[in-house]
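Labels below follow one simple rule: chain letters A, B, ... track the order of the sequence lines, proteins then strands, and each chain is numbered from 1.
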Protein chains: 2
Amino acid sequence: MTMTTEKETNQKKIPSMTVRRLFLYYRALLESKDTSVISSEELAEITGFSAAQIRKDLTYFGQFGTPGRGYNIDQLKQKLIQILGVDREWNVALVGAGNLGRALLTYQGFKQQGFKVSTVFDKDKEKVGKSYHGVLISDFAHAKEIIKSHDIRIAIIAVPAVAAQEVVDQLVEAGVSAILNFVPYRIKVPPHIKLLNIDMAAELGRLSYYLTNDVVLAKMPELKEDTL
Amino acid sequence: MTMTTEKETNQKKIPSMTVRRLFLYYRALLESKDTSVISSEELAEITGFSAAQIRKDLTYFGQFGTPGRGYNIDQLKQKLIQILGVDREWNVALVGAGNLGRALLTYQGFKQQGFKVSTVFDKDKEKVGKSYHGVLISDFAHAKEIIKSHDIRIAIIAVPAVAAQEVVDQLVEAGVSAILNFVPYRIKVPPHIKLLNIDMAAELGRLSYYLTNDVVLAKMPELKEDTL
DNA sequence: TTTTTATGTTATAATTATTGACAAGGATAC
DNA sequence: GTATCCTTGTCAATAATTATAACATAAAAA
């Protein structure tokens, strides 16, 4: 029980909440271009997190600031980009060209943050072959080749629930290793696949709960999981 | 320091993760119509959570099962519906009729779960007055009257980031008390407003992080916050 | 009446996250 | 060049949350 298995060395066990906040720090820095230096206190002001927390989050990855001064914005931004792995453009595959899928395809927020939906798949022969917003819709039957040739590691899925598991299985087989799932279905994936679920209807369900059982929150929770 | 303030009596402090899972139990029950009774073990099988956890979650709200037998499906479903407050149809307002907004408007997942997007707002004079999928797009300037007359308590927002805060402020003033925010911007709301953020780009950012710093997860985490 | 089965509940363990405090490091001003 | 001020990096303590396991109890079936 010395090495091997479990957690592959390094990686000091970063809290998942830290990872989440990191991206928000990064986005906040994209805005503030007024000054060249920013203190944890100022960044706290902008993002709504505590200064202590920001400093703690950052030091998981190194020492980026200068005492008595703060953080050099450009430098910190660069570091965050590097940490988050957004120092490149990711090619993302979208599976499902329905209403939601097409909206995701044109969603500017992805592009702005360095994610390019470079391929769209669908099974519908009606859609296959056509282009939507400059992106060709390919037959999902050919997903494997295309994914490999485009070096795609991230996929977004927006297909009917019944098709979800099958689609994901094939994506995994094709070499995709991260999936952003919009389908309201709990997909099973092997442990090495990174899966994130966005369950929009379930979120409304939560709101319905909190509205119904009028939960009075003591204070505005500073983005614990996601507010609330 | 006897009563008043803090947490308004009752409400035994339900873990937020429990609320999340509750909705997933509910959705799972919608499917399984084969039998009339289901055990926590069986429900665990379907949903992927542990049987102990399911029982624990449920008993926050009462005793719904019969020992030696399990849970009566119809009865449990009914209870969950009641707890979640989805025993009615919620009228939801959508603000922002852009690409994303329009996709959300037609998203079947909402309707299926009892949420009806009954009103759409936009500021764009081009869009106002037109209908989209049978729903009239109204001028956001008239939001207050319309929201009040339609008894709308939940709003979904999908507007440009710069407009988000202003829009939310007005929604709150109009009487909306729950907001599902798709805008990648940390909106500030008074403590009594329930706000849930869906930050799609940030989710991709997280995936990018996990992909870059290859984090090997010891085991498939059973939907802690949302997988990963 | 006995056996079986699955719930409800309590206690425990573990994890995870937040907060506060402070020493040390630079920068700036004098 | 020295003193003062400011802000970081980090440690330790605390707090909150969540999950797990075990078991007594209660209903059903045999």
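In this entry the distance linking OH of B:Tyr60 with C1' of C:dT7 reads 16 Å, nearest Å. Spacing between atom NZ of B:Lys79 and atom P of C:dG8 amounts to 12 Å, rounded to whole angstrom units. For B:Ile14 and D:dA16, the CD1 to P distance is 17 Å, given to the nearest whole Å. In this structure, the CD1 atom of A:Ile54 is 13 Å from the C1' atom of C:dT18, given to the nearest Å. Distance, A:Met17 CE to C:dT16 P: 11 Å, rounded to whole Å. Atom pair B:Phe61:CZ and C:dT9:C1' shows a separation of 16 Å (rounding to whole Å applied). Nucleotide D:dC6 holds its P atom 13 Å from the CD atom of A:Glu42, rounded to whole Å. Rounded to an integer number of Å, the gap from A:Gln53 CD to D:dT8 C1' is 16 Å.
In this structure, the side chain of B:Gln165 engages the main chain of B:Lys188 through a donor-acceptor pair within 3.5 Å. With hydrogens and angles ignored, the 3.5 Å screen pairs no side-chain donor or acceptor of B:Thr47 with any backbone N or O of B:Tyr25. Side-chain atoms of B:Ser39 never come within 3.5 Å of backbone atoms of B:Gly70 as a donor-acceptor pair (strictly under, hydrogens ignored).
Checking the phosphate oxygens (OP1, OP2) of C:dT5, no side-chain nitrogen or oxygen of B:Tyr71 falls inside 4.0 Å. Contact check, A:Ser16 against C:dA17: a side-chain N or O comes under 4.0 Å of OP1 or OP2. Contact annotation: A:Arg69 reaches the phosphate of C:dT28 (side-chain N/O to OP1 or OP2, under 4.0 Å). Contact annotation: A:Arg21 side-chain N/O to C:dT18 OP1/OP2 distance is under 4.0 Å.
In the set D:dA19, C:dT9, C:dT19, C:dT9 carries the atom at the smallest distance from any side-chain atom of B:Gln63. Considering only side-chain atoms of B:Ser39, the nucleotide from D:dT18, D:dT7, C:dT7 that sits closest is C:dT7. Distance from the side chain of A:Lys56 is smallest to D:dA12 among C:dT28, D:dG9, D:dA12. Of the candidates C:dT28, D:dT18, C:dG20, C:dG20 carries the atom nearest the A:Ala52 side chain, counting heavy atoms from C-beta on.
Within 6.0 Å of the CD atom in B:Glu89, the count of heavy atoms belonging to other residues, nucleotides or ligands exceeds 12.
Looking at which nucleotide of DNA chain D each of A:Leu58 and B:Ser50 is closest to, the 5′-most match is held by A:Leu58. Nearer the 5' end of DNA chain C, as judged by each residue's closest nucleotide, is the contact made by B:Thr66, out of B:Thr66 and A:Gly68. Mapping B:Pro67 and A:Pro67 onto DNA chain D by nearest heavy atom places A:Pro67 closer to the 5' end of the strand.
A:Ser40 comes within 4.0 angstrom of sugar-phosphate atoms only, judged by non-hydrogen atoms across all strands, and of no base. Using a 4.0 Å heavy-atom cutoff across all strands shown, B:Arg55 reaches at least one base atom of the nucleic acid.
Of all heavy-atom pairs spanning A:Ala93 and A:Phe121, the tightest one is CB-CE1, 4.0 Å.
Donor-acceptor pairing under 3.5 Å is lacking for the side chains of B:Asp57 and B:Gln53.
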